[in-house]
2 protein chains.
Amino acid sequence: MEKSDSLVARLEDVAARVGVSRSEVSRVLNGRVRVGKDVGAATRERILEAAREMNYRPHRAAQSLARGRTDIAALMMVIDRDWQLSPFSNGGLELSPHYHEIIGSLTYTLSQYGIHLLLAQCGGEGSDPVAAMEKLARTRSCDGMIITDMRVDDTRPQILEESGLPFVVRGSSPKAGVVAVGMDNVAVGYQAVKYLHSLGHRHILFYNIGLDLMSGQRRFEGFCQAREEFGLGSGIEYYDGAHHENGAYEALCERLKCPNIPTAIFAEDEMGAFGALRALSEAGLRVPEDVSVMTCLNARFMRQVAPNLTVLNVRQSEVAAQAGHLLAKILQGEPVEKQQMLLPPLLEERGSTGPPARR
Amino acid sequence: MEKSDSLVARLEDVAARVGVSRSEVSRVLNGRVRVGKDVGAATRERILEAAREMNYRPHRAAQSLARGRTDIAALMMVIDRDWQLSPFSNGGLELSPHYHEIIGSLTYTLSQYGIHLLLAQCGGEGSDPVAAMEKLARTRSCDGMIITDMRVDDTRPQILEESGLPFVVRGSSPKAGVVAVGMDNVAVGYQAVKYLHSLGHRHILFYNIGLDLMSGQRRFEGFCQAREEFGLGSGIEYYDGAHHENGAYEALCERLKCPNIPTAIFAEDEMGAFGALRALSEAGLRVPEDVSVMTCLNARFMRQVAPNLTVLNVRQSEVAAQAGHLLAKILQGEPVEKQQMLLPPLLEERGSTGPPARR
DNA sequence: CTGTTAGCGCGTTCAG
DNA sequence: CTGAACGCGCTAACAG
């Protein structure tokens, strides 16, 4: 039975060294044993010592198979061109910066529970992201999953439920009765308009993300509420993701060629904001004297890049951390309410917004 | 033997449905069979059909155990405060932007080989990153590993070799005889100085990353070469990571209080560059009229943020992609040269640099 | 207190 | 062309 060809020690090797059975070692190492009752203190010591000396570690696949648990959570990033990201010519691909915050936060949060994060198949040319996700679920490659970037017609919650894999939605789920935690994008849309209106702006340009995304849809709702409440009917110009490729930059360049420039702009995200700032700068308009600009803060390090930008902090890392905690709890068998949890955005007023110029 | 309590079908369930043995199904599904010779074409069809209908997927842990392969590669990100990242008060943590590029590129590259990316334990308070890595290796949680952010005294290559786990170094390895692919940071240091010198600058401020990192060390080498070659001895001011917390911003603010301002600045990375730009702006200095600024481009999306910044593109995603390809080849058993591969940086000249002002 | 036994689900001989 | 049998390394009941 001795196979010392492998570089790593197995349970059996440790057992042989000490002169006890495998199960004895397993129990001691897993703490499934009360000292001085289920096991002799001396034996225990010898086992622990031997394991340490031999640098023993349980084989993960074997342990997973036996325990029925992987201690891995998968993050389902959809990186298909049609969904979220753009592949690059040199064979790389560009992750939207907001993933950065999510990945960091999730990795950190889950590691506290002894759970590793697996980045799920990214689509790429020709592969179906949803099929990839289903495969991951049905192969039991992970104990649970976190899905993001929900679309209004997203079928993923349904599919995951059918596969029986626990999951948490980061964002808003189109399907009720699932565990979800996200940003309150209705509030984002509403507060953006409300804030700019409160500064005195009556002509606002609102760039939204695509309406095929839940977040875009919700933001649109809030936007409409505010538009009505503040009677801004004709004073608002609205565009969403469908209209431009490079965020607000191209769209705004186009818009600036026409007369009657708005006095305030809400950009869909940081990239949009930088685009907008560039377009304004090229047109010789000053911020905030001529035009106010605000956006959403997705990636925290962006604050360092543009410390002067007024933002609605959409708390990506907090939302992701919450999602991680919830998933961990579910995996531990704790009861978790199957409903949406929405965090409110935080307005951070800085130097890129102000009252409109007097005409 | 029938256990239909599980939501997912097992090999045996498929076999029972068709009326053949498990091994038969396994072989057919894995293509370990010549049609019309090892198996009846009709039988084969029925097996395939049944598997599809039942939505069968092999259980990953079981498959891994049997095959001795996980199809997972781990990325060892060191996120300890002492190493790379800063934990945040709200329980999140901030990933340096350059990880973003690496993660995206690796995920994409490896997925082409059917390999998933596992983000390895991030340290956090009190946990030893190296121990975490060793655990990951010895538990055989992955088939191979990619390690980054090499330090000059890094013990990880040694430890991984001892554990027998294949790995690739992304960056420069302090230990020879391992597979490594990185940026030529000697060239980075050298070319930065050379370029600024060629513009006419004779008083340059060079911010480097920490000398405890291989990249910092190499950059310093190149820097010294250039300084000597161009006879810039006293015309250069050099600082490295040890001197400041918030990158170039704080350091430069301090420096600008003193007379004899340099005419050009090389910042250690994008964040440093933004800090430098801010410090200059606050001091009323124009770029590039009064001071030229350049840095390294780590994260591609930063080009969109600051399209006007002159950079040395350090090609993070290409380097990471190369590392991914190499690891995949190693895992496939292909021979790979055990030596460093260094990509040269690409100078991208834009608007933040120019000739020095005439005094 | 300890060892024996039986799986976990899949891959792979090896006789039939 | 097929099925029985064994092993991957570990966990967990169940006897002693």
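- For S23(B), the side-chain atoms get nearest to dT12(C) when compared with the rest of dC10(C), dT12(C), dC10(D).
- Rounded to an integer number of Å, the gap from R27(B) CZ to dG11(C) P is 12 Å.
- Here the rule is side chain to side chain contact (heavy atoms under 4.5 Å, CB included) with F167(A), and of L327(A), I146(A), V178(A) only V178(A) fits it.
- A donor and an acceptor atom, one from each side chain of Q158(B) and E162(B), are located under 3.5 Å apart.
- Counting non-hydrogen atoms of other residues, nucleotides and ligands closer than 6.0 Å to CD of E337(B) gives a total of 12 or fewer.
- A donor N or O paired with an acceptor N or O is not found under 3.5 Å between the base of dG11(C) and the side-chain atoms of R69(B).
- Under the 4.5 Å side-chain criterion, counting only non-hydrogen atoms from C-beta, L160(B) is in contact with I147(B).
- Considering only side-chain N and O atoms, R32(A) lies under 4.0 angstrom from the phosphate OP1 or OP2 of dA12(D).
- Across dT2(C), dG7(C), dG11(C), the shortest atom-to-atom separation from the side chain of R22(B) is found for dG11(C).
- When each of R67(B) and E24(A) is assigned the nucleotide of DNA chain C bearing its nearest heavy atom, the one mapping closer to the 5' terminus is E24(A).
- In this entry the distance linking CZ of R138(B) with P of dG9(D) reads 14 Å, nearest Å.
- Put simply, the side chain of S26(A) and the base of dA12(D) share no donor and acceptor less than 3.5 Å apart.
- Atom CG in D71(A) sits about 15 Å away from atom P in dC10(D), given to the nearest Å.
- Of all the residues in residues 43-65 of chain B, T43(B), L65(B) reach under 4.0 Å from DNA chain D with at least one non-hydrogen atom.
- In this structure, the CG atom of L29(A) is 14 Å from the C1' atom of dG9(D), given to the nearest Å.
- Salt bridge status for D149(B) with R151(B): absent, with no side-chain N to carboxylate O gap under 4.0 Å.
- Counting only heavy atoms from C-beta on, N30(A) has its side chain closest to dT11(D) among dT11(D), dG3(D), dG9(C).
- Residue L11(A) is in base contact, counting any heavy-atom pair closer than 4.0 Å across all strands shown.
- Salt bridge status for K175(B) with E161(B): present, with a side-chain N to carboxylate O gap under 4.0 Å.
- Straight-line distance from the CZ atom of R140(A) to the C1' atom of dC10(C): 16 Å, rounded to whole Å.
- For R17(A) and E53(A), the salt-bridge test passes: some basic side-chain N is under 4.0 Å from an acidic carboxylate O.
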